[in-house]
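Here's the structure, in structure tokens; my notes come after.
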Amino acid sequence: MRRTRILTAVLALAAGLLAGSPSALAASTPTTTLAADTYTWKNARIDGGGFVPGIVFNRSEKNLAYARTDIGGAYRWQESTKTWTPLTDSIGWDRWGHTGVVSLASDSVDPNKVYAAVGTYTNSWDPGNGAVLRSADRGASWQRTDLPFRLGGNMPGRGMGERLAIDPHKDSVLYLGAPSGKGLWRSTDSGVTWSQVTNFPNVGTYVQDATDTSGYTSDNQGIVWVTFDESTGTPGSATQTIYVGVADQDNVVYRSTDGGATWSRLAGQPTGQLAHKGVLDATNGYLYLAYSDKGGPYDGGKGRLWRYATRTGTWTNISPVAEADTSYVFSGLTVDRQHPGTVMTTAYSSWWPDTQIFRSTDSGGTWTKAWDYTSYPNRSNRYTMDMSSVPWLTFNANPSPPEQAPKLGWMTEGLEIDPFNSARMMYGTGATIYGTENLTNWDSDSQFTIRPMVQGLEETAVNDLASPPSGATLLSALGDIGGFRHTDLTKVPSMMYTSPNFATTTSLDYAETDPNTVVRVGNLDSGPHIAFSTDNGANWFAGTDPSGVSGGGTVAAASDGSRFLWSPVGAGVQYTAGFGTSWSASGGIPSGAIVESDRVDPKTFYGFKSGKFYVSSDGGATFTASAAGGLPSGDSVRFKALPGTKGDVWLAGGASDGAYGLWHSTDSGASFTKLSNVDRADTIGFGKAATGASYQTLYTSAKIGGVRGIFRSTDKGASWTRISDDAHQWGWTGGAITGDPRIYGRVYIATNGRGIIYGDSSDTGGGGGGGTDPTPPPTGACGVTYKITNQWSGGFQADVALTNTGTTAWSGWSLSWAFGDGQKITQAWNADAAQSGTTVTAKNLTWNANVAAGSSVSFGFTGSRTGSNATPTSFKLGDQTCTVR
């Protein structure tokens, strides 16, 4: 279903956002803490959304389990709630790569101890080296030892493992298999220090694609698993026999029989493929190995399953299916510790029609399948699937047999039977963790139930966020699974965006004064790259691509939804009136520019590219480069225009080797002022103003006062409060940020692998009752434009633009009119609206109280109607009658 899992911000980070690098083998030091508002942090529930390559059960304590993700950190299972608890949210911006977990190990001697080998990329995309994290409190807190090489939690081969292993008898001894030709490493002091096992004979040879100049698929996948034979040791003494798997198709398995002092290639072993897993059944003396011709987690066409008898040295091919009859390979591999003769494996690379799971109860002598054909293309399943908790996992698919929706899975490299409960199994897929608690029904030919066992594990990469003033609480643009419309942050949405269903949504926007109008753009293998909604993102229809479009890029909606500006990949900037049935090239703006809209004037759009800010006042037809200088020279920039005020623009971004910070413009980008109190900033967003404040609340992911974090300002950037803390950092948070226009203090944060984080402030008094001025003093001449933007049986939506046509500024306003056709307001945005009888009064909020002479302020509302919905004919600003336009 989803085959790309690359860091969304690789290019930005590689451009130099991060400065410095960790020193080798150095223990961690605490970071500076700034005074912070007390915030409660949660995830907007999606449940899963990414690849879970590994699940690890502790072998000595019941119900203690961990999961590792490729870019979203590590988690611990909470049995009482059947949920996962995130363990690595304390990883900060400068070490964002440590959110990729290449391996986990849980100590069976002391179950309080857990270790994680972390690092996201072994090539230049990750500027920092890998590390081993160690915890004595089950991951509640960590200490870190940096390594002199990178690790690749999101590299090819990440489903192999586990690369990190603890000696089951002497738990001060750990081994770690390294990639990139760095060999086998050992710690003898419980992970505090590490040294290379210099006499280990093979550092690996396998690379996916030696011609890849980026280093991503051309890296040597190295040492891929370590397995101890616990039958060869006693408590307190080092285990004598250790098996190590190497990414070398001719020399896969090595063994030491003297506690790691010497190593030799295991005699008689199969060649020509890679062993993704090596799982030992010490009771019966069998080492099981799952082989593939590729490193995974996406590829692989031929594979085998082998059993090695540790007592006799005999190799037996126990493949569930003859290799000639397959187009898939094996990886997921587990032994039932309660019944060691029971073995299970997965066909991880079987994308079509589905993955397959195999089970044997006689040590691989015979096998049964999770599903099989009756008469092709019809299938008979040993299982049922209950998707009620995460319904989007069907991907809204309705495939023809033999495919089914939902799928049993894909990329199924992590498979584990609970060592204390033969009826419980969990396995990771490219999008979730599935599990069952009645697995043993398999053996009695009755169906077992598979359901998502993923609540609390949030692994989406977030590209964009929007919180409109009415309708949905939150709209998101996500990697791999497109994005969601959240009306309740505590519930999993029923489905991602569909019609079309982008693999990745790169950008979205709504019309500020018509939030029912929404646009999104994204990546799709075939089909359109743009979609529109007229009901606030509940339903969608596809637009038409201009010629040459190959990717989503960025998109902006005019403030009134009348037109759209699109900067797609593969084509220059384009504009359209209406819903994208035809497009015209914008002039004066370079291809690849980031685009946004003014939130008041529907004809004004903005763009940014390579240090230049661009402005259009004719609906995106032509742009003029601003004379503003001193802006970031690169394209690691996010900027937004403030709702309610024309020409008010904030710009964040930069690079460590150049201009980097936060800039503000009040003249549509003609000039910018850099905020001197912000060291570096990467995102900017707006939310509801604090009580008594005259400006909307600002939010940013930034470095201020020498400290990285999420910051809030209620005074237009004059001062900042750090609202995150050292325990809540979430790695890289440079994708997007937005406040909530309806709830003071609430902020939504985009992460790269930890999903959508939202925070609520304990400072409830700051928000008050809506930030309104109860007695605005409206004076002077005025003009009103009243526009019905949508109507239906029994209801309608309207936009109102109020213009100061006088010569002095307003410091507040109150507009009134009478409905004459049975209309009643049901909801309003950008104004505090009330109705008494037929009379409606709309008052300013704190952030849009000030209206300069010649400027306008806009608001909108939905209402009910019983008649023909006649337009009001008279409007008053206090006692002043306004001109109707």
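Bear in mind the structure is a predicted one, so any value in this text is a computation, not a measurement.
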Residue set satisfying ring pair (Phe, Tyr, Trp, His ring centres under 6.0 Å) with Phe57, at least two apart, ordered chain then number -> none
Residues at least two apart in sequence or cross-chain that pass ring pair (Phe, Tyr, Trp, His ring centres under 6.0 Å) with Phe149, listed by chain then number, are Trp185
Mind checking whether Trp125 and Tyr121 have parallel, tilted or perpendicular rings, split at 30° and 60°? perpendicular
Results of side-chain contact (heavy atoms from CB on, under 4.5 Å) for Val224 - residues two or more places apart only: Met160, Arg163, Ala247
Sequence neighbours excluded - salt bridge (Lys or Arg N to Asp or Glu O under 4.0 Å) pairs with any residue from residues 250-260: none
Residue pairs passing the side-chain hydrogen bond (donor to acceptor under 3.5 Å, both in side chains) test where at least one lies in residues 46-64, sequence neighbours excluded: Arg45-Asp47, Asn58-Ser60, Asn58-Ser106, Arg59-Glu230, Glu61-Arg138, Asn63-Arg424
Between the side chains of Asn202 and Tyr254, does any donor sit under 3.5 Å from an acceptor? yes
From the list Tyr348, Tyr288, Tyr291, ring pair (Phe, Tyr, Trp, His ring centres under 6.0 Å) with His276 holds only for Tyr348
Rounded to the nearest 0.5 angstrom, the OG-CD1 distance for Ser422 and Ile417 is 7.0 Å
Could you tell me whether the side chains of Asp189 and Ser187 share a donor-acceptor contact shorter than 3.5 Å? yes
Partners passing side-chain hydrogen bond (donor to acceptor under 3.5 Å, both in side chains) against Asp171 (at least two apart in sequence or in another chain): none
For Arg304, enumerate each residue passing the salt bridge (Lys or Arg N to Asp or Glu O under 4.0 Å) test, keeping only those at least two apart in sequence or located in another chain. Glu323
My understanding is that only residues two or more places apart in sequence, or in another chain, count here; which of them pass side-chain hydrogen bond (donor to acceptor under 3.5 Å, both in side chains) with Thr310? none
So does Arg68 pair up with Glu162, basic N to acidic O under 4.0 Å? yes
Residues passing the side-chain hydrogen bond (donor to acceptor under 3.5 Å, both in side chains) test with Trp41, sequence neighbours excluded, are none
Please work out whether the ring planes of Trp77 and Trp84 are parallel, tilted or perpendicular, with thresholds of 30° and 60°. perpendicular
Under the ring pair (Phe, Tyr, Trp, His ring centres under 6.0 Å) rule, collect the residues that match up with Trp367, sequence neighbours excluded. none
Are Thr449 and Asn438 packed together at the side-chain level, in the sense that at least one heavy-atom pair is separated by less than 4.5 angstrom? yes
Across all chains, not counting sequence neighbours, the side-chain contact (heavy atoms from CB on, under 4.5 Å) partners of Ser141 are Asp137
side-chain hydrogen bond (donor to acceptor under 3.5 Å, both in side chains) filter on Thr239, not counting sequence neighbours, yields Asp167
Is the distance between the ring centroids of Trp263 and Phe200 less than 6.0 Å? yes
Would you call Arg708 and Asp94 a salt bridge, taking side-chain N to carboxylate O under 4.0 Å as the test? no
